[in-house]
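Quick notes on the structure that follows.
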Amino acid sequence: MNAPQHAHPTPVIAPRPMPAEMVDALRARFGDRCSTAMAVRELHGRDESPFDVPPPDAVVYCESNQDVIDAVCLADRFAVPVIPYGVGSSLEGHLLAVQGGLSLDLSRMNRILEINAEDLTVTVQAGVTRTRLNEELRHAGLFFPIDPGADASIGGMTATRASGTNAVRYGTMRENVLALGVVSARGEWVRTGTRARKSSAGYDLTRLFVGSEGTLGVMTEITLKLYPLPEAVSAAICHFPSVDAAVQTTIAIIQMGVPIARCELLDGRTVAAVNRHDRLALREQPMLLMEFHGSPAGVAEQARTVQEIAAELGGESFEWATTPEERTRLWTARHHAYFAALQTRPGCRCVTTDTCVPISRLAEAIGESVAEADAAGLPYFLVGHVGDGNFHIGYLIDPTQPEERVLAETLSAQLVGRSLRLDGTCTGEHGIGLHKMGFLLDEAGPAAVGLMRAVKQALDPKNIMNPGKIFEA
């Protein structure tokens with residue numbers, strides 16, 4: 001595997017002009033909810049990736065399933081690309097209009113359709129954000145645990161198969177989506193799955209669409225698993241003399257079978273950035289931020305076990321955050337880590353990775369990647385949902401210095417190549433988008449990617465559903 005061959009990917013820009021007749025039809029159907037204003041188009045034509053791509057040709061704000069159906073039917077008639085848009089927080093170029101087309105903004109489809117507390121399920125429209133959902137659920141003593149950091153929409157989280165800080169205990173979107181309502185490339189509304197917890201009925205279309213990044217259809221409704229709010233919750237931070245000591249502690253915790261809910265790694269650079277951004281006074285050295293869920297006795301037992309493990313591996317200054325306010329402050333700071341790091345180098349862009357490896361290979365993957373980054377001399381930060389082997393290195397580059405972009409992409413490629421050699425994946429939670437198409441081929445192989453292309457062709461014969469993502473098409 002020659003990882004650096006993907007060191008500086010450049011998106012293939014191949015516009016497919018939107019006919020004036022389609023623009024007129026959109027305006028007739030949607031009125032002022034259809035916009036071709038440059039400011040609106042530019043807003044919907046950028047995300048948190050390092051790519052600069054021309055904006056979509058038009059934006060439609062959808063408010064119902066029928067809106068999506070009608071917009072997709074027009075796109076199908078004129079063979080114009082359709083790009084679903086949630087809140088714009090994707091990191092791999094998912095929503096960029098590399099072939100032009102229509103951005104479908106689903107943010108107004110933000111109704112919680114049905115909460116079934118007895119069955120621990122909820123059905124929402126795609127534009128509902130995770131924060132809003134949990135605000136509604138807490139009144140019923142329930143919560144939805146998938147927490148990617150950004151206040152992403154449930155539709156976007158489903159499209160990218162997101163996970164986040166709670167995945168080590170509660171899994172990812174793959175495990176927590178029960179059913180979907182999807183508008184196909186032909187403009188048909190399709191229901192996949194039910195509220196039942198298991199089924200053997202035919203092909204698993206729900207799992208096919210989860211993680212499809214908008215390339216197979218537009219997801220408009222999502223049915224999710226819910227969980228009771230834990231009886232007791234406790235968070236703790238522990239500092240370590242090195243990143244390796246923190247990682248070894250994480251490995252020991254998981255291999256001991258401790259049912260920890262969250263286990264997050266921040267390196268010293270990231271802790272320093274978070275201190276400045278959130279006005280904290282944490283020790284600026286590698287740190288694990290952990291959370292325990294369960295009964296009071298169970299949480300206490302988990303915490304004692306983890307504290308003993310950490311002490312044996314050099315952990316010190318074990319500090320507890322038991323009140324909701326203290327926990328919220330710590331986790332808010334963790335979720336701000338990306339933007340806190342950006343502020344350490346004003347005007348920078350970030351090339352970020354999100355590889356995931358088997359837990360037994362985590363120390364090797366992180367240790368070698370950190371050594372490479374240190375040797376390169378490029379500013380970077382390290383965070384990770386290390387409880388499930390998932391970590392991120394963000395390389396901070398000056399966008400006016402092309403050689404820094406090349407260096408960052410080379411480091412990222414080497415990191416991904418290492419993760420694949422260790423039986424890991426090129427993306428644990430961000431998805432492929434534009435950025436990792438070459439790595440998908442390395443990971444899955446030509447035959448598997450060929451099957452993906454065949455599925456895409458069967459479901460989207462005109463290639464209008466977010467074209468140019470996952471693989472070139």
Side-chain angles (χ1 to χ4, degrees), residues 11 13-47 51-90 93-111 113 124-129 153-156 159 181-190 212-222 459-469 473:
I13 310 297
R16 294 155 62 177
M18 180 180 293
E21 186 180 354
M22 178 172 171
V23 177
D24 291 342
L26 288 170
R27 286 175 172 156
R29 168 62 177 81
F30 295 100
D32 61 5
R33 290 191 286 127
C34 172
S35 177
T36 56
M38 181 57 73
V40 175
R41 292 164 52 207
E42 287 181 341
L43 175 66
H44 290 76
R46 62 173 180 260
D47 60 6
F51 298 120
D52 292 310
V53 170
D57 299 296
V59 176
V60 164
Y61 293 89
C62 296
E63 297 178 352
S64 66
N65 288 335
Q66 192 60 52
D67 283 351
V68 178
I69 290 168
D70 291 348
V72 171
C73 284
L74 285 171
D76 177 51
R77 183 193 310 173
F78 293 101
V80 167
V82 173
I83 307 165
Y85 183 95
V87 298
S89 60
S90 60
H94 298 96
L95 56 84
L96 302 185
V98 290
Q99 296 188 23
L102 175 65
S103 176
L104 285 188
D105 188 317
L106 306 180
S107 61
R108 298 183 186 180
M109 295 183 65
N110 58 5
R111 289 192 300 128
L113 300 174
V124 302
Q125 290 184 310
V128 172
T129 64
S153 68
I154 299 299
V182 182
V183 177
S184 74
R186 296 178 177 84
E188 302 168 312
W189 196 79
V190 179
S212 62
E213 303 182 18
T215 63
L216 301 180
V218 183
M219 289 175 278
T220 62
E221 294 182 8
I222 302 102
L459 271 63
D460 181 19
K462 296 182 182 178
N463 192 28
I464 65 170
M465 287 294 166
N466 205 10
K469 315 298 165 55

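For reference, positions follow the sequence shown, starting with 1. Both backbone and side-chain heavy atoms feed into the values below; hydrogens, waters and symmetry mates do not.
With sequence neighbours excluded, the residues that form a side-chain contact (heavy atoms from CB on, under 4.5 Å) with Val53 are Pro11, Ile13, Phe51, Leu96, Val98. Partners of Thr220 by side-chain hydrogen bond (donor to acceptor under 3.5 Å, both in side chains), not counting sequence neighbours, listed by chain and number: Asn65, Trp189. In this structure Ala37 satisfies the side-chain contact (heavy atoms from CB on, under 4.5 Å) test together with Ser35, Val40, sequence neighbours excluded. Listed by chain and number, the residues in a salt bridge (charged side-chain N to carboxylate O under 4.0 Å, His left out) with Arg108 are Glu63 (sequence neighbours excluded). Applying the side-chain contact (heavy atoms from CB on, under 4.5 Å) rule to Pro19 yields the partners Met22, Phe78, Val80; only residues at least two apart in sequence or on another chain are considered. Remark: Glu213 pairs with no residue by the salt bridge (charged side-chain N to carboxylate O under 4.0 Å, His left out) rule, at least two apart or across chains. Residues satisfying the side-chain hydrogen bond (donor to acceptor under 3.5 Å, both in side chains) test with Asn110, not counting sequence neighbours, are none. Partners of Arg111 by side-chain hydrogen bond (donor to acceptor under 3.5 Å, both in side chains), not counting sequence neighbours: none found. Residues that satisfy the side-chain contact (heavy atoms from CB on, under 4.5 Å) test with Pro461, not counting sequence neighbours, are Arg186, Gln457. Residues that satisfy the side-chain hydrogen bond (donor to acceptor under 3.5 Å, both in side chains) test with Asp105, not counting sequence neighbours, are His44, Ser107. For Asp52, the salt bridge (charged side-chain N to carboxylate O under 4.0 Å, His left out) partners at least two apart in sequence or on another chain are Arg349.
Applying the side-chain hydrogen bond (donor to acceptor under 3.5 Å, both in side chains) rule to pairs touching residues 68-77 yields Arg29-Asp70, Gln66-Asp70, Asp76-Lys462, sequence neighbours excluded.
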